[in-house]
A.B. asks: 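Starting off with a structure, shown below.
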Amino acid sequence: MLDIRFVRERADEVVTALKKRGEGTEILNAFLAIESQRRDLLKIVEEKRQVRNTITKEVGNLKKQGKDASSVLKEAKKVSDGIAEKEEVLRELDRKGMDELLLIPNIPHESVPVGTDESQNKELRVWGAKPDFSFEPLNHWDIGENLGILDFERAGKIAGARFVINKGAGARLERALMNFMLNVHTKDHGYTEILPPILVNRESMTGTGQLPKFEDDLFKLSEESKGFLLIPTAEVPVTNMHRQEILNENDLPLYYTAYTPCFRKEAGAYGKDTRGLIRQHQFNKVELVKFVKPEGSYDELEALTANAEEILKRLGLHYRVVCLCSGDLGFSAAKTYDLEVWFPAQGKFREISSCSNFEDFQARRAGIRFKKPGKKGTEFVHTLNGSGLAVGRTVAAILENFQQEDGSVIIPEALRHSMGTDRISKL
RNA sequence: GGAGAGGUGGCCGAGUGGUUGAAGGCAGCCGCCUGCUAAGCGGUUGUGGGGGUCAAACCUCACCCAGGGUUCGAAUCCCUGCCUCUCCGCCA
């Protein structure tokens, strides 16, 4: 959420931002109209309240002294008359204004390249090299099925499309990766491990920006089941840990890492990545989340991105880093780096991590502030997060990049100990 | 799932219709005092909005879990929701 005052006083900057994102200004205009009505009414209501407070105090004094207050009471009644209705209208305007404000996306950072879609994302660096195959590399789903470690068919039977069963070495690989990632981030990068709820309430989803705009992308339990929502990413519960809190300046920065399953409807993705592990309704992910002071938040983004990259490096996976252009930027983000790993069978890079600085956009929605000792008032923290990494996609990348002509797959050095083997072969 | 109790400021805790943004204590901050000890004395310390100012001062509205209601007036009464605790039931 943007600062109300900022939107009001510097609407032109919001318009510029919306244009960069390729979005219209209807919502902004609707908001501004409601907001000006709200402020006018607020002034009136507050004046009335002030009058009422004064008279009411007088009533109290008279009664205390045992004097007759009936004439003042009459006046008081008159003043109070009509306040209730006006307050009701004010509440309505409040709600409506907030509804609109919650739909306005974040302002892209000045360093974000302007562009309309992903084709204009900017490649920043490439690590490693494409593997050399003396044979036609297979898709990861064929490798996985051939090895008997991924079972999409039975998953379809027990759940439906976009689910998978990991079996044997496939399950172990998934588990080894989760452990590996968590170990690196906790031991080498200084993050605190969190194992959060994966069902959350609406306030949490609103706090990080999934609601109200992206309700259709979320799995939801019925009202009889309390209307819980299934998290699409650990970003939601972990960022909301500090919702409506005032942190101490000394507490910052806070670094958290969390493994969770993630659930996404993929409602707008019909026909996209229908095969394989790339786009599942349920997948595992290790997430990195930071709460930091505003001053250094862009350095923190670089560091967080480097932390995610470190996993790919240690696994020996060829990848590149791109900076999303304004048109491809997510709703809540001010700046995002995507890590894209090489998929040889598809012959292209695919996203495996998305690292963003949300600045105070989520913090304002979620009321996450900090206090500087000795200073009056509070400031919003900056929140950041990134995948470190999406585990299923990492499995897919390992299968494709390290496949051998005989159908086996070489296990990266970093995982061999926990896998108990250096190669997955057909049994 | 059933029965009961409760949710007040950084913390503890008073307050059941009228100068209560909220007693008292603790903690913090500022000052004073003191040749004795984590001592004593005085003062001070919430958040958000609107107005005001170069910036302050200042004025004002709201906030005692959340949302409604009753009333001239609510932390205080009523309703709903959420959460915590105790007992019973069920259960990984």
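Below, chains carry the letters A, B, ... as their sequence lines are ordered, and counting in each starts from 1.
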A.B. asks: What is the distance, rounded to the nearest whole Å, between atom NZ of Lys371(A) and atom C1' of C29(B)?
C.D. replies: 12 Å
A.B. asks: In whole Å, I'd like the distance from the CE atom of Met1(A) to the C1' atom of G48(B).
C.D. replies: 12 Å
A.B. asks: From NZ of Lys48(A) over to P of C61(B), roughly how many Å is that when rounded to an integer?
C.D. replies: 15 Å
A.B. asks: If A23(B) has a Watson-Crick or G-U wobble mate with both distances under 3.5 Å, name it; if not, just say none.
C.D. replies: none
A.B. asks: Report yes if the distance between the aromatic ring centroids of His242(A) and Tyr256(A) is under 6.0 Å, otherwise no.
C.D. replies: yes
A.B. asks: Taking the side chain as C-beta and beyond, is there a heavy-atom pair between Pro253(A) and Glu300(A) under 4.5 Å?
C.D. replies: yes
A.B. asks: Return the nucleotide paired to G67(B): Watson-Crick means purine N1 to pyrimidine N3 with N6-O4 or O6-N4, wobble means G-U with N1-O2 and O6-N3, both under 3.5 Å.
C.D. replies: C79(B)
A.B. asks: Just to be sure I understand the rule, does Leu73(A) reach a base, reach only the sugar-phosphate, or reach nothing, if contact means heavy atoms closer than 4.0 Å?
C.D. replies: base
A.B. asks: Any strand is fair game: report the nucleotide pairing with C58(B) by Watson-Crick or G-U wobble, both distances under 3.5 Å, or none.
C.D. replies: G51(B)
A.B. asks: Report the nucleotide, chosen from G49(B), G73(B), G68(B), that has the shortest atom-to-atom distance to any side-chain atom of Arg91(A).
C.D. replies: G68(B)
A.B. asks: Please measure how far the C1' atom in G15(B) lies from the corresponding atom in C79(B), and state the result in whole Å.
C.D. replies: 23 Å
A.B. asks: Any base atoms under 4.0 Å from Arg8(A), or only sugar-phosphate, or nothing? Heavy atoms, all strands.
C.D. replies: sugar-phosphate
A.B. asks: Give one of base, sugar-phosphate or nothing for Asp81(A), where a contact means two heavy atoms less than 4.0 Å apart.
C.D. replies: nothing
A.B. asks: In the structure shown, which nucleotide is the Watson-Crick or G-U wobble counterpart of A5(B), with both distances under 3.5 Å?
C.D. replies: U84(B)
A.B. asks: If we take the C1' atom in both C72(B) and G1(B), what is their distance in whole Å?
C.D. replies: 45 Å
A.B. asks: Looking at every strand, decide which applies to Lys63(A) at a 4.0 Å heavy-atom threshold: base, sugar-phosphate, or nothing.
C.D. replies: base
A.B. asks: Do Tyr337(A) and Glu302(A) have side chains that get closer than 4.5 Å, going by heavy atoms?
C.D. replies: yes
A.B. asks: Under a 3.5 Å cut-off for both distances, is C33(B) Watson-Crick or wobble paired, and to whom?
C.D. replies: none
A.B. asks: Need the pair for C72(B). Rule: Watson-Crick or G-U wobble, both distances under 3.5 Å, any strand; none if unpaired.
C.D. replies: G18(B)
A.B. asks: Quick check on Glu88(A): does its CD atom have over 12 non-hydrogen neighbours (other residues, nucleotides or ligands) under 6.0 Å away?
C.D. replies: yes
A.B. asks: Please measure how far the C1' atom in G67(B) lies from the corresponding atom in A74(B), and state the result in whole Å.
C.D. replies: 16 Å
A.B. asks: In terms of side-chain heavy atoms of Arg49(A), which of C72(B), G69(B), A62(B) is nearest?
C.D. replies: A62(B)
A.B. asks: Just by distance, with hydrogens left out, do Asn53(A) and Thr56(A) show a side-chain donor and acceptor under 3.5 Å apart?
C.D. replies: no
A.B. asks: Taking atom types as they are modelled, would you say the side chain of Glu46(A) forms a donor-acceptor pair with the base of G49(B) within the 3.5 Å cutoff?
C.D. replies: yes
A.B. asks: Heavy atoms under 4.0 Å, any strand shown: does Arg38(A) hit a base, just sugar-phosphate, or nothing?
C.D. replies: nothing
A.B. asks: Looking only at side-chain N and O atoms, does Ser297(A) offer a donor or acceptor that is under 3.5 Å from a partner on His382(A)?
C.D. replies: yes
A.B. asks: For the pair made of NZ in Lys43(A) and P in G51(B), what is the distance, rounded to whole Å?
C.D. replies: 6 Å
A.B. asks: Rounding to the closest angstrom, what is the interatomic distance between U80(B) and A27(B) at atom C1'?
C.D. replies: 38 Å
